[in-house]
Amino acid sequence: YVKHNNQIYESSFSKITSIVDSTERLTPCFSVYNSSLDQDLVGDGATETTIDFDSEEFDIGSNFTSDTFTAPEEGIYFFSTGVTVVQQDINRWVRITIKAGSKSYSTWGWGDSSAGDYATHSVSCLVKLALGNTAYVFGTAEADGDSDYDIIGGEANTFFMGLKIA
């Protein structure tokens with residue numbers, strides 16, 4: 001079968017044998033990641049730093065751009081992120097948040113053994129979005145008044161994914 005202009009064509013190699021009418025739409029879904037080290041997650045306890053996702057595994061529907069997913073239709077969506085931070089100060093926190101529509105879903109993590117630790121902060125959520133609502137990931141951190149937390153790149157370290165499930 002070959003899909004062209006929302007029509008599905010049944011074919012035998014290069015010969016089209018019939019046309020099948022189709023109104024089926026592909027399910028919006030994406031998987032993106034940060035490919036390199038991003039420096040300076042601001043550690044003042046208040047600044048919301050949008051996490052950079054500069055590489056795509058896939059983006060069915062082309063709804064992910066500029067670090068943000070935009071819902072192409074109303075529905076229930078599942079999102080998951082993991083953000084790996086290094087240089088987290090002992091007993092200081094990092095909060096990673098998925099902002100989806102009007103709601104926020106967060107996880108908090110504290111450095112526990114020595115400065116320079118690697119910690120992956122993960123968040124998942126299931127949320128109803130309206131057409132045009134957005135979802136993105138940001139981080140907030142409490143440091144020793146500096147901006148020395150770094151976000152580690154790589155598809156297994158810092159990623160964001162989502163799909164419409166209903």
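All values derive from a computational prediction rather than experimental measurement.
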Between the OG atom in S106 and the CD1 atom in I98, the distance rounded to the nearest 0.5 Å is 9.0 Å
Legend entry - Expected output: side-chain N34 to main-chain G153 donor-acceptor under 3.5 Å: no
So OG of S104 and NZ of K99: to nearest 0.5 Å the spacing works out to 4.0 Å
Taking the side chain as every heavy atom from C-beta outward, state whether I152 and L37 have any atom pair closer than 4.5 Å. yes
Between the OG atom in S31 and the CE atom in M161, the distance rounded to the nearest 0.5 Å is 4.0 Å
Review point. Taking atom types as modelled and ignoring hydrogens, do the side chains of S35 and D54 form a donor-acceptor contact shorter than 3.5 angstrom?
Key: yes
Quiz prompt | Same apolar cluster: L129 and F30, side chain cutoff 4.5 Å | solution = yes
Shortest non-hydrogen pair, N157 vs T120, comes out as O-CG2, 4.3 Å
Between T27 (side chain) and K164 (backbone), is there a donor-acceptor pair under 3.5 Å? no
Heavy atoms of I96 and H121 approach each other most closely as CG1-CB, 3.5 Å
With sequence neighbours left out, the residues meeting ring-ring contact (aromatic ring centres under 6.0 Å, His included) with F79 are F69, F160
Which of F78, F64, F58 passes side chain to side chain contact (heavy atoms under 4.5 Å, CB included) with C29? Answer is F58
Practice prompt. Could you walk me through whether V83 and V137 pass side-chain contact (heavy atoms from CB on, under 4.5 Å), step by step?
Written response: CA-CA 9 Å; V83 177; V137 178; 4.2 Å; yes
- Query: Is I151 reachable from Y136 through a run of I, L, V, M, F, W or Y residues, each pair having side-chain heavy atoms under 4.5 Å apart?
  - Reply: no
Note: L131 and P72 closest approach over all heavy atoms is CD1-O, 2.9 Å
Tell me whether K128 is salt-bridged to E74, with the criterion being a basic N under 4.0 Å from an acidic carboxylate O. yes
If hydrophobic clusters are built by linking Ile, Leu, Val, Met, Phe, Trp and Tyr wherever their side-chain heavy atoms come under 4.5 Å apart, do V127 and I51 end up in the same one? yes
For this session: Decide yes or no for F53 and T81: does some side-chain heavy atom of the first lie under 4.5 Å from some side-chain heavy atom of the second?
Result: yes
Query raised in the report: Any sub-3.5 Å donor-acceptor pair from N63's side-chain atoms to A71's backbone N or O?
Result: no
Expected output: side-chain T134 to main-chain T70 donor-acceptor under 3.5 Å = no
**Prompt:** If two hydrophobic side chains count as joined below 4.5 Å and joins carry through other members, does V32 share a cluster with F138?
**Reply:** no
The side chain to side chain contact (heavy atoms under 4.5 Å, CB included) partners of A130 (sequence neighbours excluded) come to N133
- Query: Is L126 linked to L163 within one hydrophobic cluster, defined over Ile, Leu, Val, Met, Phe, Trp and Tyr using a side-chain heavy-atom separation of less than 4.5 Å?
  - Reply: yes
The salt bridge (charged side-chain N to carboxylate O under 4.0 Å, His left out) partners of K103 (sequence neighbours excluded) come to none
